Amino acid sequence: FGPPGGSAQPMVAVVSRLTAQKGLDLIKHSIHHSLKRGAQYVLLGSAPDPRVQGDFNAMAGAIGGPNAAFAFAFDEPLSHLVYAAADFILVPSMFEPCGLTQMIS
């Protein structure tokens, strides 16, 4: 899937729909900030808006590599593995106080 297992680097994960309500800028900033600070980053999610999906596809192409993994899909079994492996779960939201991610993780 991407980042190596057993690494001493912390893993930051996002499992989310990529929509404006989730704070797309927050997600993009967290990717760059986490990688700059030496963490691994995993993003599992997809965007219903093709423009937004295109932006994230371009980002994945530009910065994907050994420390960043992107899976643009809804995959519930994989989401459970991501939650279990992550050291930090990012739960971005512009106005939603609580959702499924908080209850699952």
Side-chain angles (χ1 to χ4, degrees):
F1 178 43
S7 173
Q9 296 169 275
M11 180 187 291
V12 178
V14 173
V15 177
S16 179
R17 289 176 295 110
L18 301 175
T19 63
Q21 128 185 25
K22 298 298 183 181
L24 299 173
D25 290 339
L26 297 173
I27 296 171
K28 291 176 182 178
H29 177 76
S30 72
I31 294 168
H32 291 291
H33 187 70
S34 297
L35 294 174
K36 185 172 110 177
R37 304 221 9 142
Q40 299 176 73
Y41 200 95
V42 174
L43 173 65
L44 173 61
S46 62
D49 182 335
R51 290 175 293 160
V52 172
Q53 187 64 60
D55 287 348
F56 278 92
N57 289 342
M59 179 179 278
I63 65 172
N67 291 319
F70 299 85
F72 298 118
F74 174 78
D75 187 329
E76 187 175 352
L78 182 56
S79 74
H80 292 286
L81 295 173
V82 170
Y83 290 133
D87 296 297
F88 301 95
I89 304 287
L90 178 66
V91 187
S93 180
M94 296 304 287
F95 55 84
E96 187 177 54
C98 186
L100 290 175
T101 298
Q102 292 92 321
M103 293 188 282
I104 293 169
S105 63

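Just so it is clear, the values below take in all heavy atoms, side chains as well, and ignore hydrogens, waters and symmetry mates. All values reported here derive from a predicted model rather than from experimental measurement.
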For the residue pair [X] and [Y], what are the closest heavy atoms and their distance?
X: Pro10; Y: Gly38; answer: CD-O, 4.4 Å
X: Pro92; Y: Lys22; answer: CB-O, 3.0 Å
X: Val12; Y: Ala39; answer: CG2-CB, 4.2 Å
X: Val52; Y: Ala47; answer: CG1-CB, 3.6 Å

Q: Dump the intermediate steps for side-chain contact (heavy atoms from CB on, under 4.5 Å) on Lys28 and Asp55, then the final yes or no.
A: CA-CA 10 Å; Lys28 291 176 182 178; Asp55 287 348; 3.7 Å; yes
Q. Do Ile63 and Leu90 share a hydrophobic cluster (ILVMFWY, side-chain heavy atoms under 4.5 Å, transitive)?
A.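 In one cluster: yes.
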(Q) Are Phe88 and Ile27 connected into the same hydrophobic cluster when the rule is that any two of I, L, V, M, F, W, Y join if their side-chain heavy atoms are below 4.5 Å apart? (A)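 Shared cluster, yes.
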Gap between atom [atom2] of [Y] and atom [atom1] of [X] - 0.5 Å precision:
X: Ser30; Y: Arg37; atom1: OG; atom2: CZ; value: 13.5 Å
X: Tyr41; Y: Leu35; atom1: OH; atom2: CG; value: 8.5 Å
X: Leu18; Y: Leu43; atom1: CG; atom2: CG; value: 5.5 Å
X: Phe70; Y: Phe56; atom1: CZ; atom2: CZ; value: 8.5 Å

Q | Side-chain heavy-atom pair Pro77, Asp75 within 4.5 angstrom cut-off | A |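 Contact flag for Pro77/Asp75 side chains = yes.
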Q.
Apply side-chain contact (heavy atoms from CB on, under 4.5 Å) to residues Gln9 and Asp87 and explain how you reach the verdict.
A. CA-CA 9 Å; Gln9 296 169 275; Asp87 296 297; over 6 Å; no
Q) Which class fits the ring pair His80 and Tyr83: parallel under 30°, tilted 30 to 60°, perpendicular over 60°? A)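 Rings of His80 and Tyr83: perpendicular, as their planes differ by over 60°.
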Q. For atom CG of Asp25, is the number of surrounding heavy atoms from other residues, nucleotides or ligands below 6.0 Å larger than 12?
A.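 Not buried by this count: 12 neighbours or fewer within 6.0 Å.
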Q.
If the test is side chain to side chain contact (heavy atoms under 4.5 Å, CB included), which one of Ile89, Val82, Val42 qualifies with Val15?
A.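 That would be Val82.
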